[in-house]
Amino acid sequence: MTEDDRLRSRSTADLVILTMAFAVGAVVVISTLSLFAIELFRPEADTSTGVSALSAVVTGAVNVILGAVAGFIAGRSSVPHTNGKGKGTPDGIIPDEL
């Protein structure tokens with residue numbers, strides 16, 4: 001199985017969640033490595049602001065991911081509007097032939 005086949009077999013929700021998780025993970029890793037390098041090469045530098053900013057980024061990213069996933073799930077779980085006829089479409093428009 002090639003990498004292309006693995007991506008094709010995944011649902012859109014899986015791809016969205018994987019992409020967001022990768023983006024957040026990359027930001028956290030890069031930020032942490034940057035703070036570590038600053039502490040290592042310039043120990044006199046004050047990194048408390050950087051640590052505070054990193055925690056704010058992580059908190060904000062988690063909120064964004066949760067909101068995006070919740071919105072995505074809510075958008076996919078729409079119930080068809082039937083107007084009492086027992087049939088309907090996801091957009092709520094009922095054709096005349098129903």
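From a predicted model like this one, the values you see are computed outputs, not experimental measurements.
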Q. Where is the tightest heavy-atom contact between Val28 and Val58, given as atom of each residue plus distance?
A. CG2-CG2, 3.4 Å
Q) In terms of hydrophobic clustering (I, L, V, M, F, W, Y; side-chain heavy atoms under 4.5 Å; direct or indirect links), are Leu33 and Leu40 co-clustered? A) no
Q. Between the main-chain N or O of Ser52 and the side-chain N or O of Ser55, is there a donor-acceptor pair closer than 3.5 Å?
A. yes
Q. To the nearest 0.5 Å, how far apart are OG1 in Thr59 and CG in Leu54?
A. 9.0 Å
Q) Do you know the tightest heavy-atom contact between Ile38 and Ala45? A) CG2-CB, 4.0 Å
